[in-house]
Amino acid sequence: MVFDTMRGAKVPLELLEPGRCGIYCCGPTVYDDAHIGHARAALMPDVLVRTLRARDIEVTYVRNVTDVDDKIIARAERERTTADAVAERYTARYHEDLAALGMLPPDVEPKVTEHIDDIVALCRTLEAKGLAYVRDGNLYFRVRAFPGYGALSRRNPDEMRSGARVEVDERKEDPLDFALWKAARPGEPVWDSPWGPGRPGWHIECSAMSMRYLGERFDVHAGGRDLVFPHHENEIAQSRGATCDTCFAQYWMHNGFVTFAGEKMSKSLGNFFTIREVIARYPGEAVRAFLLGVHYRSPVNFDVRVSCPSCGADLEPGAQERGTCTACGATFDPGALRAQIELPGVAEADERVAYVYRTLEGIERFFGGDVPPAEEGDVDPTVSGMRAAVDAALSDDLNTSAALAALSEPMALANRWLASGKGVPKKVRRATLARLFRDLRGQRPGDPKEGGISGLLGLFAADPGPYLRRRRDARAARMGLDVARIEQLLHERQAARAARDFEAADRLRDELRSMGVSVLDGPEGSDWTV
RNA sequence: GGCCUGGUAGCCAAGUGGUAAGGCAGAGCUCUGCAAAAGCUCUAUGCGUCGGUUCGAUUCCGACCCAGGCCUCCA
């Protein structure tokens, strides 16, 4: 089941061709670093692709890059470089960011500049069908000539006119009409066309590229909610106008928004965060887990906590803007606060991800590093039902929140049995722990087909030990701690403990604690964490 | 003004026509030289308000209130 915006309801996903699925996702316009909203928009189709591939459905996942656009041109002018250079830079950075969040690369990533011919061809078809007209070298789509306009966004073209607050372009026949091809202005990237030199309008590229790679009729078209109107509505008009009324995407899936501090974040801090900013502070997996904790259609809010640089008190938005702490009176540069913002929701998700890795590491240790393959019998039902619960959750319109919840009980059971095998048949204990590990990670952790749950969610695919150590060291570094010094104090404490000088050992523990380091005593010695 | 979402415990968040997943925080406990980790137990007679349908509604219907979004570039 999948929620289709066109039908306004959850409906069974019936593929055009059983066993195959074409998915098109509106990718970014590459004029700046991607923000968390872009991450979420990429995440929904990512989970869909993983879910389908896990079921042996052959997915063709297309996600475009829009590399010609007013904003790219503007930025290039500002930086005295070319639009190509700007687009190239931010495309590369986009790839890095998404990789850090565990996103699968699309099978095809078409760029607008490489599909001008397809776009021109589509425009010509529309013109030939009387759905487009030329004015001063611009080609416009004639909205009134397309009867189904407004179906996706539930809008009536007649009612929209009064509400239109857009500046009316006098060249258009109707204010609703939109540009398919824009006449060139000096200094802009330019391509030849039957209507003169120019470049594509905004919506046409997605029509051209999706149909180019997926055919005139394909299964799913995904994107952010804000694209429903006008972008997707216009795509439908262009595409169906050029082909047929039932052509183009059969299902429309839209993800909800991302807000920060309920939208009302301090202006001095900016109202959005880039992916890079966030993953500089938290593991990519924590961000992904946080996002997956909320159903994709609901809005997700990042709580933001800003504390005073000198006294540590929480700063209200007003205090943030003024640069004065209401608690201690300290003054500071509001801009500098950005670097020390905390995102409690992500921090919580980070802990949760670490918990799973700790459990996984525990299972590895239990088996002496080599977890046996999953066995069929003798597995506790709490664990044997886990995978099915995850599958069921994902089947229900990608309910990742429920999928994540399905891991809780099995994890608790594992930790209980890791700590003690009391009252549990040895065979059951071993089989259950092995099964949990295998169902979670499969043969190839993270792989949609062979990676078990990790391949479905794109989570928990790293090697537990190294993941945990990396996380710890990164946290220590952020706190300004010297790892070598910590290790040395730990060493001294070990010596004290060995000599049964617990007073000295506790003193050292306290010293470490004052640095923010927790000492962990285990059967095989002591470790630390922050 | 039009259209669309959503209002579930201190916080985050699933979900259902038959009496509320999960997480965080909190309390108690187990384990531990201490601590951490981990585990166990407890924590919403109630799911915005008011009506209606029903044997029974948080779940369906209606009205209202509130919040957010879209109608203009936007993931």
Side-chain angles (χ1 to χ4, degrees), chain A residues 5 8 25-29 31-32 34-45 63 69-71 150 153-156 158-167 175-176 202 222-231 233 254-259 262-264 272 289-290 292-303 344-345 347-349 351-352 354-355 358-359 361-362 389 393 396 399-409 411-420 493 497 500-503 505-507 509-510 512-513 517-523 526-530:
Chain A
T5 307
C25 167
C26 285
T29 301
Y31 67 96
D32 201 353
H35 58 249
I36 294 294
H38 292 106
R40 179 125 109 134
L43 181 57
M44 182 264 279
R63 187 184 62 211
D69 169 88
D70 290 344
K71 282 182 239 167
S153 55
R154 275 153 238 282
R155 260 169 248 271
N156 181 334
D158 294 321
E159 287 167 3
M160 277 165 57
R161 303 181 88 171
S162 53
R165 284 173 283 170
V166 211
E167 275 181 57
L176 253 34
W202 176 32
R225 243 188 150 56
D226 50 346
L227 295 182
V228 173
F229 188 90
H231 186 56
E233 196 71 70
H254 294 98
N255 62 274
F257 286 94
V258 175
T259 61
E263 209 76 34
K264 285 168 195 150
F272 66 87
F290 175 71
L292 289 175
V294 181
H295 184 88
Y296 78 88
R297 278 188 286 124
S298 300
V300 59
N301 179 246
F302 281 70
D303 260 332
E348 191 184 313
E351 283 299 335
R352 216 37 210 164
Y355 164 79
R358 258 180 243 124
T359 307
E361 190 184 37
D396 185 13
N399 192 338
T400 51
S401 184
L404 249 16
L407 307 185
S408 284
E409 275 204 53
M411 286 293 143
L413 179 78
N415 280 119
R416 210 185 310 141
W417 286 5
L418 247 16
S420 156
R493 181 168 169 281
R497 272 180 19 120
R500 302 200 66 78
D501 182 357
F502 292 124
E503 228 174 277
D506 284 353
R507 240 192 339 269
R509 177 193 284 283
D510 289 340
L512 283 158
R513 202 204 314 273
V517 177
S518 300
V519 177
L520 316 175
D521 289 340
S526 298
D527 203 354
W528 61 280
T529 188
V530 286

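Just so it is clear: chains get the letters A, B, ... in the order the sequence lines come, proteins before strands, and each one is counted from 1. None of these values were measured; they are calculated from a predicted model.
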State, with a plain yes or no, whether a side-chain heavy atom of A/R493 is found less than 4.5 Å away from one of A/R497.
-> yes
Contact list (N/O, under 3.5 angstrom) for nucleotides 3-13 of chain B vs protein:
| unit_1 | atom_1 | unit_2 | atom_2 | d |
| --- | --- | --- | --- | --- |
| B/rA13 | O2' | A/S401 | OG | 3.0 |

In the structure shown, which nucleotide is the Watson-Crick or G-U wobble counterpart of B/rU53, with both distances under 3.5 Å?
-> none
Any strand, both distances under 3.5 Å, Watson-Crick or G-U wobble: B/rC64 pairs with B/rG48
A/E409 or A/A402: which one's nearest nucleotide on RNA chain B is closer to the 5' end?
-> A/A402
Report the C-alpha separation of A/S408 and A/R352 in whole Å, then their side-chain angles, then the decisive distance to 0.1 Å, and conclude whether the side-chain hydrogen bond (donor to acceptor under 3.5 Å, both in side chains) test is met.
-> CA-CA 10 Å; A/S408 284; A/R352 216 37 210 164; 3.1 Å; yes
Roughly, in whole Å, what's the span from CZ in A/F229 to P in B/rG2?
-> 17 Å
Phosphate-side-chain proximity, A/N399 and B/rG15, N/O vs OP1/OP2 below 4.0 Å = yes
Candidate nucleotides B/rA75, B/rC34, B/rG23, ranked by approach to the side chain of A/R352 - the nearest = B/rG23
Could you tell me the separation between the CG atom of A/L176 and the P atom of B/rG2, rounded to a whole number of Å?
-> 19 Å
For A/E351, check salt bridge (Lys or Arg N to Asp or Glu O under 4.0 Å) against everything at least two apart and list the hits.
-> A/R358, A/R471, A/R475
Heavy-atom donor-acceptor pair, A/D506 side-chain to B/rG33 base, under 3.5 Å = yes
To the side chain of A/N415, which of B/rG22, B/rA38, B/rA75 is closest?
-> B/rA38
Which one is paired to B/rU32, where only Watson-Crick or G-U wobble pairs with both distances under 3.5 angstrom count?
-> none
Which nucleotide in the list B/rA75, B/rG23, B/rC34 gets nearest to the side chain of A/R509?
-> B/rC34
Interatomic distance, A/R358 CZ vs B/rG39 C1' [rounded to whole Å] = 14 Å
Who is the Watson-Crick or G-U wobble partner of B/rC70, with both distances under 3.5 Å?
-> B/rG2
For the student: nearest non-hydrogen atoms of A/N301 and A/F290, plus distance | O-CZ, 3.3 Å
Donor-acceptor pair under 3.5 Å, A/R500 side chain vs B/rG33 base | no
What integer distance in Å separates A/L227:CG from B/rC71:C1'?
-> 14 Å
